[in-house]
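Residues take their numbers from the sequence shown, with the count starting at 1.
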Amino acid sequence: MLKELLVETVVLAIMAVIAHFIGQHSVKLIDRPRVDSSARKVARVKHAIALREQFRRRNKWSEIETESLISLPSVSLNWTIGTIVGTVMTVLLTVNHVNGMVEIGRSSEHAIIYDYIIALGIFYVIGLLIAGWIAEKVIPDAAQARARKIAHKRVLKGRSIRFYQRRSIDELIIETFKRPK
């Protein structure tokens, strides 16, 4: 059992590091962007808003008004990667520990299938927590750190900074099928 826990911990750490690198490398500096004047939900741009607030005072004193954007990854990309990591961890936990969990909670009052259902439910919740941690903490923090680094370089040059969060899959689908008014 200790060997399985060690393997699962190492796998989770490796996947978290990979997610961190994906978050870092998904930040892009975009020159001469197209104007995006559509209103978006705050939940879809919350990371860009947080960075925008941090650099608001610096932008007032900038010497050059630029047309460049620092683009952050979309929420759907974060949750896609988080879901993959959570699914892998759920499968690993299920394969390695389901029988042990059933034996821990086993009583003779009910059928054993209920114990398996409870164990799978516990592993599912753990997988959801891991997916949320990757999607809401690991990837955004890595992306924001990289965006801050790019922004500080631009501040040193006396330029203004704008942040943009890429569109999520559902936003693109809704925009594609939206009827013109």
- Does a side-chain heavy-atom distance below 4.5 Å link V98 with Y116?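 V98 reaches Y116 side chain to side chain.
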
- Task: State whether the side chain of S76 and the backbone N or O of I169 hold a donor-acceptor pair below 3.5 Å, judged by distance alone.
- Result: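 Yes.
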
- Can you find a pair of side-chain heavy atoms, one from V75 and one from Q165, that are under 4.5 Å apart?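 Heavy-atom side-chain distance check passes, below 4.5 Å.
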
- Task: Please round to the nearest 0.5 Å and tell me the distance separating atom CD1 of I150 and atom CZ of R148.
- Result: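 CZ of R148 is found 12.0 Å from CD1 of I150.
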
- Check whether any side-chain heavy atom of R154 lies under 4.5 Å from a side-chain heavy atom of L29, and answer yes or no.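 Answer yes - side chains close enough.
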
- Query: Out of curiosity, Q144 CD to I139 CD1, how far, rounded to the nearest 0.5 Å?
  - Reply: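 Atom-to-atom, Q144:CD and I139:CD1 are 12.5 Å apart.
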
Report, one line per pair, each donor and acceptor closer than 3.5 Å where one atom sits in a side chain of residues 118-138; sequence neighbours left out.
{"residue": "E136", "atom": "OE1", "partner": "K46", "partner atom": "NZ", "Å": "2.9"}
{"residue": "E136", "atom": "OE2", "partner": "W79", "partner atom": "NE1", "Å": "3.0"}
{"residue": "K137", "atom": "NZ", "partner": "D141", "partner atom": "OD2", "Å": "3.0"}

- Query: When rounded to the nearest 0.5 angstrom, what is the spacing between NE2 in H20 and CZ in R146?
  - Reply: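 Interatomic distance, H20 NE2 to R146 CZ, rounded to 0.5 Å: 10.5 Å.
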
- Linking I/L/V/M/F/W/Y whenever their side-chain heavy atoms sit closer than 4.5 Å, directly or via other members, would V17 and L12 fall into one cluster?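 In one cluster: no.
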
- For the hydrophobic clusters of this structure (ILVMFWY residues joined by side-chain heavy atoms under 4.5 Å, transitively), does one cluster hold both I18 and V11?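 They do share one cluster, since a chain of ILVMFWY contacts under 4.5 Å joins I18 to V11.
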
- Among the clusters formed by ILVMFWY side chains lying less than 4.5 Å apart, do F21 and M15 turn up in the same one?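 Result: no, two separate clusters.
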
- Message: Between I70 and L156, is there shared hydrophobic-cluster membership here, with clusters defined by ILVMFWY side-chain heavy atoms closer than 4.5 Å?
- Response: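 In one cluster: no.
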
- Message: I'd like to check L72 versus L51 (side-chain heavy atoms, cut-off strictly below 4.5 Å). Are they in contact?
- Response: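 Contact flag for L72/L51 side chains = yes.
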
- Item | Check: R166/S71 side-chain N/O donor and acceptor closer than 3.5 Å |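 S71 and R166 do have a side-chain donor-acceptor pair below 3.5 Å.
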
- Task: Quick one: pull up CG in L93 and CG in L5 and give me the separation to the nearest 0.5 Å.
- Result: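 Answer rounded to 0.5 Å: 8.5 Å.
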
- Message: I'd like to know if V88 and V95 are part of one continuous hydrophobic network [Ile/Leu/Val/Met/Phe/Trp/Tyr, side-chain heavy atoms within less than 4.5 Å].
- Response: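 Different hydrophobic clusters.
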
- Query: Does the side chain of E8 come within less than 4.5 Å of N96's, by heavy atoms?
  - Reply: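 Contact flag for N96/E8 side chains = yes.
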
- Which atom of G23 lies closest to which atom of S26, heavy atoms considered: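 Looking at all heavy atoms of both residues, the closest pair is O-OG, 3.0 Å.
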
- Task: For V27 and P73, work out which heavy atoms get closest and say how close.
- Result: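 Heavy atoms of V27 and P73 come nearest at CG2-CD, 4.4 Å.
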
